[in-house]
Amino acid sequence: MTADRRNLLKGLAALTGAGVIAACNGKAQQTPASFAPLKNSVPYPIGFCGMSVNFNDPQWTDLGTRHFTRFVSEWEQKMEYILQEDGSLQLDRALAQANFARAHGMTMHGHTLVWYAQDGEYFQKLANRPEAFLTAYADYIAGVMKPFRGICDGWDVVNEPILDNGSGLRDCLWRKVLGDDYIGLAFEAARQADPNTVLFLNDYNLEYYPAKRRRFLQLCEHLLKTGAPLTGVATQTHVAVDVEKGAIRDTIRDLGALGLKVYVSEIDISLRTDKPLMGKDGRKEQLRVLEEIVTAYDELRPEQKHGITFWGLRDKDSWLNRDKGLRLSKDEPLLFDDKGDAKPMAQALTQLWA
Ligand code: G3I
């Protein structure tokens, strides 16, 4: 990305501060038909997440397939949906999503195999039999991954292993039964299951908590040193507009220094902040944050750019607007508004590579 494009984006950001959101291509929002596909301008895979119920909405499918080159299952490729009490695997929805992706020339990113937040009764019952547990653990990883060979070009093998305070690994059933090396064991099972896909360690708040980022990087170095087939690192980037300037850049740079694939895996830029923005315009700050993500990502070596994924398509699809009961106002964290019109963030994204 050239410097003048970066300045152009800064200009856009400045204009939106004066409420001149229309600076982006002359309209505050661009209707679906008039807005050129993002995938034609972004020079690496750009993804969005969704779920089966979205497929009943033609506007959603049209918008997603028009602009993106990668699909991520928001929850139906996770243990909470797949693993049955008897250990059988319910892959129907994730396979249908893979067919959707394939039918539209898209890849899929596998999300996610091992997560502290989900373990399931089947594994809980095996907790006192470590050998059987380990066999079931490896079988689960293989059973989920193998049907997606050739469509999932990357997998979040282990999700969110580090405590937010950066003091170490989260406690979870996997660690309780298999020890700290539940992570290395997962990566080895994943490599057996699919020799050709990129294997990621994925976490969040790496930009907010430097200590957590340091501990994440230490874990990556330990995995590499002990021969685990870690080939990618992912920073989720669920951020708000008051995220500290430079924190995302530092995170992407630190992850890039490992020399592995880098994936910005779950972008949303929330307008909700813990403290008032002191006169700043939230939507202008969204452009600033998006520019920081894209500019930092652009500095990586081409072979490291696995891509970026937005955690949803339209604002109304966002998980941040799902537990409304807990929220005072509707959030607008994504690229497209509820009507599917391109917001200034989407337009700014295109401007960068126009
Ligand atoms: O759609 C069903 C509905 O039919 C059913 O009645 C209801 C009650 O069982 O569940 C609904 O599915 C829920 C689904 O979201 C859709 O709303 C699942 O229970 C619920 O667990 C699922 O939550 C997902 C969550 O991860 C846990 O899997 C969110 O959609 C998803 O946005 C969130 O994504 C996570 C990433 O995986 C990891 N990083 C953080 C990110 C946000 O929390």
Side-chain angles (χ1 to χ4, degrees), residues 47-57 60 64 68 70-85 89-94 96-97 108-121 123 140 144 148 152 154-164 170 172-174 183 186 200-209 212-213 216 232-240 243 248 251 255 263-272 293 306-327 330-336:
F48 72 108
C49 82
M51 58 187 84
S52 302
V53 69
N54 296 130
F55 290 171
N56 305 326
D57 176 352
W60 179 89
F68 297 89
R70 179 180 279 144
F71 180 75
V72 184
S73 184
E74 185 160 4
W75 70 284
E76 291 150 318
Q77 204 175 32
K78 293 173 187 170
M79 198 172 276
E80 67 177 301
Y81 179 80
I82 290 175
L83 183 64
Q84 306 305 296
E85 279 181 28
L89 306 181
Q90 180 177 247
L91 294 171
D92 58 331
R93 293 187 187 179
Q97 292 166 9
M108 201 170 171
H109 182 86
H111 179 76
T112 181
L113 295 165
V114 174
W115 190 11
Y116 78 91
Q118 298 181 7
D119 44 44
E121 207 172 313
F123 280 108
Y140 176 82
V144 173
F148 296 92
C152 281
W155 275 93
D156 294 334
V157 176
V158 175
N159 193 41
E160 304 174 2
I162 306 292
L163 286 165
D164 260 356
R170 289 178 187 276
C172 60
L173 180 66
W174 320 116
I183 300 170
F200 286 91
L201 188 70
N202 184 41
D203 218 326
Y204 71 100
N205 278 350
L206 301 181
E207 60 289 299
Y208 281 105
Y209 304 137
K212 180 172 188 178
R213 184 161 85 237
F216 179 87
V233 282
T235 176
Q236 293 181 12
T237 318
H238 291 290
V239 294
V243 62
I248 296 169
T251 301
L255 267 58
Y263 174 41
V264 183
S265 55
E266 303 180 18
I267 304 169
D268 38 40
I269 307 174
S270 172
L271 290 173
R272 294 178 187 134
I293 294 169
H306 183 72
I308 63 175
T309 289
F310 290 84
W311 206 243
L313 189 54
R314 305 160 300 188
D315 288 333
K316 67 180 177 181
D317 302 316
S318 173
W319 67 292
L320 293 168
N321 286 320
R322 233 173 269 143
D323 52 352
K324 279 199 196 72
L326 303 177
R327 311 285 184 180
K330 181 177 170 305
D331 208 345
E332 299 171 18
L334 296 170
L335 297 175
F336 296 92

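Order of appearance sets the numbers: ligands from 1, and atoms from 1 within every ligand. As the structure is a prediction and not an experimental result, all values here were calculated from the model.
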For ligand 1, which atoms sit closer than 4.0 Å to a heavy atom of Q236? 39 (N), 40 (C)

Using a 4.0 Å heavy-atom threshold (strictly under), name the region of W311 that reaches ligand 1: side chain, backbone, both or neither. side chain

Within the side chain of R314, is there an N or O that forms a donor-acceptor pair under 3.5 Å with the backbone of L335? no

Quick check on atom 8 (C) of ligand 1 - does any protein heavy atom sit closer than 4.0 Å to it? no

Take atom 28 (O) of ligand 1 and look for protein heavy atoms under 4.0 Å from it; say yes if you find one, no if not. yes

Pick whichever of H111, E266, R322 has a heavy atom sitting closest to atom 40 (C) of ligand 1. E266

Before giving the answer on side chain to side chain contact (heavy atoms under 4.5 Å, CB included), spell out for L206 and K212 the whole-Å C-alpha distance, their side-chain angles and the decisive distance to 0.1 Å. CA-CA 6 Å; L206 301 181; K212 180 172 188 178; 3.9 Å; yes

Would you mind finding which of M51, K78, E74 brings a heavy atom closest to atom 25 (C) of ligand 1? K78

From the list T237, N202, T309, side chain to side chain donor-acceptor pair (under 3.5 Å) with E266 holds only for N202

Look at the aromatic rings of F123 and Y140 and report parallel, tilted or perpendicular, splitting at 30° and 60°. perpendicular

Under 4.0 Å from a heavy atom of E160: give me the atoms of ligand 1 that qualify, with their elements. 38 (C), 39 (N), 40 (C)

Could you label the plane-to-plane angle of the F55 and W60 rings as parallel, tilted or perpendicular, counting under 30° as parallel and over 60° as perpendicular? tilted

of all protein heavy atoms, closest to atom 1 (O) of ligand 1 is W75 CZ2, 3.8 Å

Q77 versus Q97, side-chain donor and acceptor atoms under 3.5 Å: no

Compute whether any side-chain donor of one residue and acceptor of the other, for D92 and Y81, lie under 3.5 angstrom apart. yes

Near H238 (heavy-atom distance under 4.0 Å), the atoms of ligand 1 are 39 (N), 40 (C), 41 (C)

For ligand 1, which atoms have a heavy atom of Q118 less than 4.0 angstrom away? 27 (C), 28 (O)

Out of all atoms in ligand 1, which are within 4.0 Å of some heavy atom of E80? Include the element for each. 18 (C), 19 (O), 20 (C), 21 (O), 27 (C), 28 (O)

Ignoring hydrogens and angles, state whether a donor on the side chain of N54 or E74 is under 3.5 Å from an acceptor on the partner side chain. no

Under-4.0 Å protein heavy-atom contact, atom 23 (O) of ligand 1: no

Is it the side chain (CB and beyond), the backbone, both or neither of N159 that lies under 4.0 Å from ligand 1, heavy atoms counted? side chain

Does the protein place any heavy atom closer than 4.0 Å to atom 31 (C) of ligand 1? yes

Quick one: sort the H238 and W319 rings into parallel, tilted or perpendicular, breaks at 30° and 60°. perpendicular

Parallel, tilted or perpendicular, judged at 30° and 60°: which one describes the rings of H306 and H109? perpendicular

Is atom 5 (C) of ligand 1 less than 4.0 angstrom from at least one protein heavy atom? no

